[in-house]
Visitor: 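Have a look at the structure that comes next, please.
Given the structure is predicted, the values throughout are model-derived calculations rather than measurements. A note on names: the letters A, B, ... follow the listed sequences, proteins ahead of strands, and every chain is numbered from 1.
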Amino acid sequence: MTDTVMIPRPAGHAVRWTGAALVAAVLVLALIGPLAVPGDPFAQSLLKALSGPEAGAPLGYDHLGRSIFHRLAHALRLSPTIALAAVLTAGLAGLVLGTFAAARGGWTDRVLITLADALLALPGLLLVLIMLAIVPGTALGFWAGLSLVLWVEFFRLTRATTRETLASPAVQATRLLGFGPTYVFRTHIWPEIAPMMLTAAAFGTATAIMAIAALGFVHVGMRAPTPELGLMMVELLPYWREAPLALLSPVIATFALLLGLTLLAGSRET
Amino acid sequence: MNTLITRGIQALMVAVLIGAATFAMMRALPGDAAYRIAAGRYGYDNVDTAAADAVREELGLGGPALPAFLTWLGDLLRLDFGTSLVTGQPVIEEIGHQLGASMALAGVAVLLSLILGPPLGILAGLRPGGVLDRVLLVVSTGLKAVPQFLMALILILILSVQFRLLPAAGHGEARHFILPSLALALGLAAVNARIARDAMARIGAMPFYSFAQWKGLSPRQTLLRHGLRNVSVPLLTYLGLQFVTLVEGVVVVEAVFGWPGIGHALVHAIFSRDVPMVQGTALCLGLSFVLVNAIIDLVTQRIDPRRAA
């Protein structure tokens with residue numbers, strides 16, 4: 001190991017790990033928390049409304065006497081699940097359509113890129129709102145709307161990279177040797193795309209969680225008894241003076257989750 | 001010229017997409033759409049089967065989906081948005097009322113973000129790795145992770161509930177602008193600052209920039225004559241792309257602060273399933289994105305003539 005040049009360790013590495021740790025901490029709270037302290041996110045006891053933390057409810061009670069801890073844990077499972085489902089769908093669609101557009105070129109490419117450009121001009125929240133009105137079921141509507149919004153980013157990344165890779169001498173050589181498109185994709189295209197996919201997926205998940213919380217906050221997302229981050233905040237806002245901890249818990253959890261995802265994504269290369 | 005054609009096609013696609021989405025929304029509404037529209041047009045007391053049938057005939061609601069969709073798109077492309085199902089006013093008038101309030105809010109927010117972000121970014125970019133650069137990185141990363149509604153919530157809690165300095169909602173006076181525009185501007189400023197910083201650091205490291213200083217220009221003159229113009233191109237381009245974020249923010253922030261703008265109207269229209277209003281506002285937002293970006297294309301070509309080639 002004499003020929004190692006002293007390359008400064010990229011600062012991005014530590015940042016990404018911090019992000020991953022933050023996300024993991026929030027998810028552990030959501031998944032393990034209710035197992036450690038059993039409780040029901042929907043059970044009310046009005047006598048305890050807005051009272052402070054106790055053994056059965058580590059974060060106290062909300063205005064209807066429901067355990068904030070359990071509602072928060074439930075909410076922290078709901079949004080990431082929808083977000084992850086949407087990102088997976090969008091990532092897959094973007095990957096398939098992106099490689100397809102780059103490989104086929106011509107009209108296929110032109111039609112898809114025009115569609116992507118048009119979607120890019122529309123605010124994502126608007127599309128999500130419209131899908132929520134079309135698709136029955138709020139969670140399903142969020143999934144459909146967010147997938148529709150998020151695929152564009154994956155599509156553009158995949159298309160740009162694939163075009164570049166397909167034009168490279170390495171791919172020409174592979175083709176001349178008689179290898180098929182599947183082989184080209186596996187050995188040449190995927191390794192180029194994979195690291196970008198992680199960044200795009202982390203950003204996409206953050207966007208999706210933000211959208212669900214934002215719409216919940218303005219009362220057009222998830223419906224009332226469902227524990228959801230934005231909805232919890234707007235429900236607890238009037239009781240800020242009586243129970244600041246109750247409002248701060250979802251605020252801090254949301255911020256930690258989003259900050260973790262942003263750090264995990266790293267700096268977007270432009 | 002070429003860019004304008006591309007933007008024109010984009011605008012057309014935006015209209016078709018919104019047409020398709022709102023058409024699907026209309027078809028997905030529970031109950032008979034013809035009765036709803038008739039009620040919207042003639043008032044709830046005047047709806048009878050004849051009126052509903054007339055509407056159904058006119059809009060082709062009863063028939064197969066494709067001709068109905070084409071009629072729908074035709075109305076859209078002739079800019080005939082119909083009337084709001086809730087207020088009974090023509091959609092175009094309603095939007096005219098609300099657009100002004102939204103544009104004022106968005107304009108103040110963008111201005112505020114430009115005052116806050118790029119100057120700090122440029123200062124940081126002049127000394128990459130310096131104290132300001134590192135502090136700015138931490139602050140902007142933190143700010144970017146705060147969604148606009150959360151920013152609005154935090155600002156309301158601190159400035160209007162805790163210290164009672166500013167009104168939490170309302171419209172009409174200058175002080176009502178502060179909280180909503182700040183809630184929008186801080187997130188935008190975080191991104192602006194990063195872009196200005198990266199551009200400045202990149203340009204500051206280029207040979208021509210060092211040469212400008214060798215030939216005797218002071219750092220100030222170098223920045224004014226050789227730095228700002230180059231930094232402004234990526235900044236403007238990003239400002240155009242941020243427009244969508246801004247519009248999303250406007251929708252949420254208006255709903256939070258009760259600002260009587262287009263975003264507030266959109267949320268209400270969605271809530272009451274007022275499809276013509278949704279269509280009109282959505283089209284207005286989508287087309288303004290295309291318009292803003294077309295203008296920015298032209299402006300950046302002016303600033304950096306190499307791009308026009």
Side-chain angles (χ1 to χ4, degrees), chain A residues 11 15 19 22 110-111 114-136 145 148 206-207 209-211 213-220 229-230 233-234 237-238 240-241 244 247-248 250-251 254-263 267-268 270, chain B residues 6 9-18 21-22 24-25 27-29 141-142 144-150 152-154 156-157 161-162 194-195 198 234 238 241 243-252 254-256 263 266-267 270-271 273 275 278 281-282 285-290 293:
Chain A
V15 170
L22 260 178
R110 226 167 291 161
V111 167
T114 318
L115 183 69
D117 274 349
L119 277 173
L120 215 58
L122 293 174
L125 282 183
L126 177 72
L127 287 171
V128 174
L129 278 172
I130 291 180
M131 286 313 273
L132 277 174
I134 296 173
V135 178
L148 189 67
T207 311
I209 291 174
M210 272 189 206
L215 293 186
F217 192 78
V218 295
H219 293 290
V220 281
L229 295 167
M233 289 180 210
V234 78
L237 182 57
W240 161 248
R241 286 185 184 283
L247 176 57
L248 282 181
V251 169
T254 311
F255 178 67
L257 189 58
L258 292 175
L259 182 64
L261 284 167
T262 318
L263 294 179
S267 63
R268 198 197 307 241
T270 43
Chain B
T6 320
I9 296 173
Q10 193 185 15
L12 198 68
M13 277 300 288
V14 166
V16 172
L17 267 180
I18 289 172
T22 45
M25 189 174 161
R27 289 257 157 174
L29 283 182
T141 313
K144 266 194 277 184
V146 181
Q148 286 116 342
F149 81 91
L150 199 56
L153 174 70
I154 293 168
I156 289 178
L157 282 185
V161 177
Q162 220 47 46
R194 290 307 302 161
I195 289 157
D198 289 346
Y238 269 92
L241 293 176
F243 184 81
V244 165
T245 325
L246 179 66
V247 168
E248 274 185 3
V250 167
V251 171
V252 172
E254 280 181 359
V256 173
L266 179 68
V267 169
I270 294 266
F271 207 69
R273 301 289 187 263
V275 180
V278 173
T281 40
L285 296 177
L287 291 184
S288 49
F289 172 87
V290 180
N293 276 285

Visitor: Which heavy atom in Gly142(B) sits nearest to a heavy atom in Phe255(A), and how many Å separate them?
Guide: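 The answer is O-CE1, 3.5 Å.
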Visitor: Any side-chain heavy atom of Val256(B) within less than 4.5 Å of one from Phe217(A)?
Guide: yes
Visitor: Picking from Val135(A), Leu132(A), Val251(A), which has the most non-hydrogen pairs under 4.5 angstrom with chain B?
Guide: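 Result: the option with the highest number of such pairs is Val251(A).
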Visitor: Please look at Ala214(A) and chain B and tell me whether the side chain, the backbone, both or neither of the residue comes under 4.5 angstrom of a heavy atom of that chain.
Guide: both
Visitor: Which pair of non-hydrogen atoms, one from Val14(B) and one from Ala118(A), has the smallest distance, and what is that distance?
Guide: CG2-O, 3.7 Å
Visitor: Kindly indicate whether the side chain of Leu150(B), heavy atoms from C-beta on, has any atom under 4.5 Å from the side chain of Met233(A).
Guide: yes
Visitor: Does the side chain of Pro123(A) come within less than 4.5 Å of Val251(B)'s, by heavy atoms?
Guide: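 SC-SC contact between Val251(B) and Pro123(A) ruled out.
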Visitor: Taking the side chain as C-beta and beyond, is there a heavy-atom pair between Val234(A) and Leu153(B) under 4.5 Å?
Guide: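 Sidechains of Leu153(B) and Val234(A): no contact.
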Visitor: Could you check whether any side-chain heavy atom of Leu122(A) comes within less than 4.5 Å of a side-chain heavy atom of Ile18(B), counting everything from C-beta outward?
Guide: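 Side-chain contact under 4.5 Å: yes.
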Visitor: Considering only heavy atoms, which portion of Ala213(A) lies under 4.5 Å from any heavy atom of chain B: side chain, backbone, both, or neither?
Guide: both
Visitor: Please report the shortest heavy-atom distance between Lys144(B) and Met210(A), naming the atom on each side.
Guide: O-CE, 3.8 Å
Visitor: Is the shortest side-chain heavy-atom distance between Leu115(A) and Leu17(B) below 4.5 Å?
Guide: yes
Visitor: Of all heavy-atom pairs between Ala21(B) and Ile134(A), which one has the smallest distance, and what is that distance?
Guide: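 In terms of heavy atoms, the two residues are closest at O-CD1, 3.5 Å.
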Visitor: So, taking the atom named CD in Glu248(B) and the one named CG in Leu125(A), what distance separates them when rounded to the nearest 0.5 Å?
Guide: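 Answer for the CD-CG pair, Glu248(B) versus Leu125(A), is 4.0 Å.
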Visitor: Between Val278(B) and chain A, which part of the residue has a heavy atom less than 4.5 Å away: side chain, backbone, both or neither?
Guide: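 Side chain only.
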Visitor: What are the two closest non-hydrogen atoms of Phe289(B) and Leu120(A), and how far apart are they?
Guide: CZ-O, 4.0 Å
Visitor: Of all the heavy-atom pairs spanning Leu126(A) and Leu266(B), show the shortest one and how long it is.
Guide: CD1-CD2, 3.2 Å
Visitor: Output the distance between atom CG (Leu237(A)) and atom CD1 (Ile156(B)), rounded to the nearest 0.5 Å.
Guide: 6.5 Å
Visitor: Answer with side chain, backbone, both or neither: which region of Leu247(A) has an atom nearer than 4.5 Å to a non-hydrogen atom of chain B?
Guide: side chain
